[in-house]
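Take a look at the structure set out below.
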Amino acid sequence: MRKVSLETKILGLVLSLSLFLILLLTTTFSYMEGRQIAKDKGQLALELSKTISFMPTVTEAFETDDPAGIIQPIAEKIRRETGAEFIVVGNAEGIRYSHPLASEIGKRMEGGDNSRAIREGEYYVSEAAGSLGLSIRGKSPVFNEDGKIIGIVSVGFLVDDVRAQIFKDLSKEMIVSLVAIMISIIGSYMLARSIRKDTLGLEPFEIANLYKEKNAVLQSVKEGILAIDQNGLITSMNQPAKKLLDIKESVRHLNVDGLFPSKYLFEVLKSGEPQVDKEISWEDKSVIVNCTPIFDSEGVSGVVASFRDRTEIEEMVNTLSEVKMHSEDLRAQTHEFTNKLYVLSGLIQLGEYDEAIDMIQSETSELHSLNRVVFEQIKDTKVQALLLGKIGKASEKKIIFEIDAQSYLEKLPDHIKLSQLTLILGNIIDNALEAVSSMEKPLVKFFATDIGNDMVFEVSDNGKGIPEDAIAHIFDRGFTSKNSGSPSGYGLSNADHVVKELGGIIEVQSEDGNTIFTVYLPKEQRGGKEC
């Protein structure tokens, strides 16, 4: 089925509505005007009849021998001057004393509407058919000096003449109506052209399809996208943008200030020049923004901004770094184990069997103790792998790495990923190893438990400790304090970010050279909290 164009719809709708209203108003006004003309004619007829009935000449003529000879000239003169169709004066029996047709004088009045005036003495307007046709009549009784009804005056206007006047007035109204219709046609055409120009010549179904396609494209893009108008009000925002900015409700027509850093957006609005790959900070996130102006015939009408979270990229890089670190830890562990095998080989070759046996027993005892905790009490393979790597790294650096014998941990919930665990525990343990690297008897301790609603991880070291004024900034992005054993800028910041994503917290205590990091992670998945 062929679709009707928007221009045709607007023209048809406006013209139909205009024609309907003009026809309705014309009909209503014509009806009201017709009634008013008839009423005015009736009132004029009544007033004329009253005036004539009160004329002394007319009342005195009733007492003469030839009332018609006196009344007829007077009635005809008044009729010609007022435009009435007839003025009939009759006696109490309805016998005419005047009439436009002289041949009708002396005959009985017709119409049958005289009784109220002659019998009751009323003044009234009636409509009846007489000798000249259907007419609107004003009836008035004639009284003598004693107050007795002696006659009647009837003044009338033919209904055909009233209708002719109504039609004449209606013709004038039709001319005005035709002018109104022409104006409606011109206005409708101009309106349709204007709307078509505003919609770039697109039909409504094409605009609807474009809107659906735009929404589908916006939602399919992984980057956050928002658009603002020239006043800085948001016109659209996709779901990735809402997720990145932690927005739940609709933001349409809200000011972009306060919802998103708007510096570059307003610069583009002002200059019309795009801004590419600009880095901004939003809460604890690092965001890369691209801003593109929207132009219309009057200049810049808005801006579209696309942005992505740089933190996600950094987390991926950190994860790769951790994988590399684990590889190096395993290499170090292999290297350490190879060195011990060489020592054992040398002792056996030299015949120092007792020392070789003591070395094997010592290593076996230490490994058995660690393995019992790692493999029997800590049952999550992700944590086991991470601890084995750190044990090898600590052994290579001649650092004692103890795992508390009271540690116990079941398999971690599925929502905690290996990359997240690596960022959290890997960074904290590495910081502890670095903090004790210059100590005479370096010691790092690890403890884990999942008793209760939270999983608790604790890493302590006997390094130089963290200054009190640095603890408040220990998780700030880019903060570094090599002498205190704090991170080189991003390690603990990333760990803190991931812990908050998982809905947990990190606590730090540092007293008398003993530093303890405690991580609490809820077993049940819930939204992270931002500081």
Side-chain angles (χ1 to χ4, degrees), residues 31 33-171:
Y31 174 74
E33 186 174 6
R35 292 193 61 182
Q36 188 62 42
I37 291 174
K39 182 179 179 180
D40 292 343
K41 289 294 185 180
Q43 193 64 33
L44 176 60
L46 180 61
E47 294 300 324
L48 285 174
S49 66
K50 283 183 180 180
T51 301
I52 295 172
S53 68
F54 292 143
M55 293 178 64
T57 306
V58 173
T59 56
E60 291 173 359
F62 275 84
E63 304 297 332
T64 63
D65 295 334
D66 185 17
I70 300 172
I71 296 174
Q72 173 69 2
I74 297 173
E76 281 301 295
K77 181 179 179 182
I78 296 173
R79 183 184 67 81
R80 287 190 296 269
E81 291 179 356
T82 59
E85 186 64 30
F86 62 85
I87 297 178
V88 176
V89 180
N91 60 17
E93 285 75 31
I95 302 302
R96 299 186 185 107
Y97 290 156
S98 67
H99 194 276
L101 300 176
S103 60
E104 297 293 324
I105 296 174
K107 296 180 180 180
R108 184 174 296 277
M109 299 172 67
E110 298 178 7
D113 55 345
N114 293 336
S115 59
R116 291 171 57 191
I118 295 176
R119 296 178 182 179
E120 307 296 332
E122 293 183 18
Y123 300 88
Y124 56 94
V125 177
S126 67
E127 184 175 323
S131 59
L132 298 177
L134 186 64
S135 59
I136 299 173
R137 309 173 174 195
K139 301 284 186 175
S140 297
V142 180
F143 295 91
N144 60 13
E145 293 180 356
D146 298 328
K148 182 180 177 182
I149 298 174
I150 58 175
I152 184 173
V153 177
S154 178
V155 178
F157 295 89
L158 289 179
V159 171
D160 289 342
D161 293 341
V162 174
R163 289 174 179 170
Q165 184 177 348
I166 292 173
F167 182 78
K168 181 179 179 181
D169 293 344
L170 180 60
S171 299

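We use all heavy atoms of the structure for the numbers below, so side chains are in, but hydrogens, waters and symmetry mates are not. Counting begins at 1 with the first residue of the sequence.
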Close side-chain approach of [X] to [Y], heavy-atom, < 4.5 Å:
X: P100; Y: E76; result: yes
X: F143; Y: I149; result: yes
X: L134; Y: D160; result: no
X: I78; Y: M55; result: yes

Within the distance-only criterion (no hydrogens, no angle test), does the side chain of [X] pair as donor or acceptor with the backbone N or O of [Y] below 3.5 angstrom?
X: R96; Y: E104; answer: yes
X: N144; Y: D146; answer: yes
X: S154; Y: R137; answer: no

Check against side chain to side chain contact (heavy atoms under 4.5 Å, CB included), K50 and L46: CA-CA 6 Å; K50 283 183 180 180; L46 180 61; 4.0 Å; yes
Which heavy-atom pair separates [X] from [Y] by the least distance, and what is that distance?
X: S140; Y: S49; result: OG-OG, 2.7 Å
X: I71; Y: A61; result: CG1-CB, 3.7 Å
X: Q43; Y: V125; result: N-CG2, 4.5 Å
X: Y124; Y: R116; result: CE2-CB, 3.3 Å
X: P56; Y: T59; result: O-OG1, 2.9 Å
X: A84; Y: F157; result: CA-CE2, 3.4 Å

Derivation of the side chain to side chain contact (heavy atoms under 4.5 Å, CB included) call for L132 and H99: CA-CA 10 Å; L132 298 177; H99 194 276; 4.3 Å; yes
Can you tell me how far the [atom1] atom of [X] sits from the [atom2] atom of [Y], to the nearest 0.5 Å?
X: T57; Y: I74; atom1: OG1; atom2: CD1; answer: 5.0 Å
X: R35; Y: D40; atom1: CZ; atom2: CG; answer: 12.0 Å
X: E63; Y: I150; atom1: CD; atom2: CD1; answer: 5.5 Å
X: L158; Y: I136; atom1: CG; atom2: CD1; answer: 9.5 Å
X: K107; Y: I95; atom1: NZ; atom2: CD1; answer: 11.5 Å
X: D161; Y: E85; atom1: CG; atom2: CD; answer: 5.0 Å

Side chain to side chain contact (heavy atoms under 4.5 Å, CB included) assessment of F62 paired with N91: CA-CA 8 Å; F62 275 84; N91 60 17; 4.1 Å; yes
Residue that, paired with K139, satisfies side chain to side chain contact (heavy atoms under 4.5 Å, CB included) out of S126, S53, S115: S126
Worked check of side chain to side chain contact (heavy atoms under 4.5 Å, CB included) between T82 and L44: CA-CA 9 Å; T82 59; L44 176 60; 5.8 Å; no
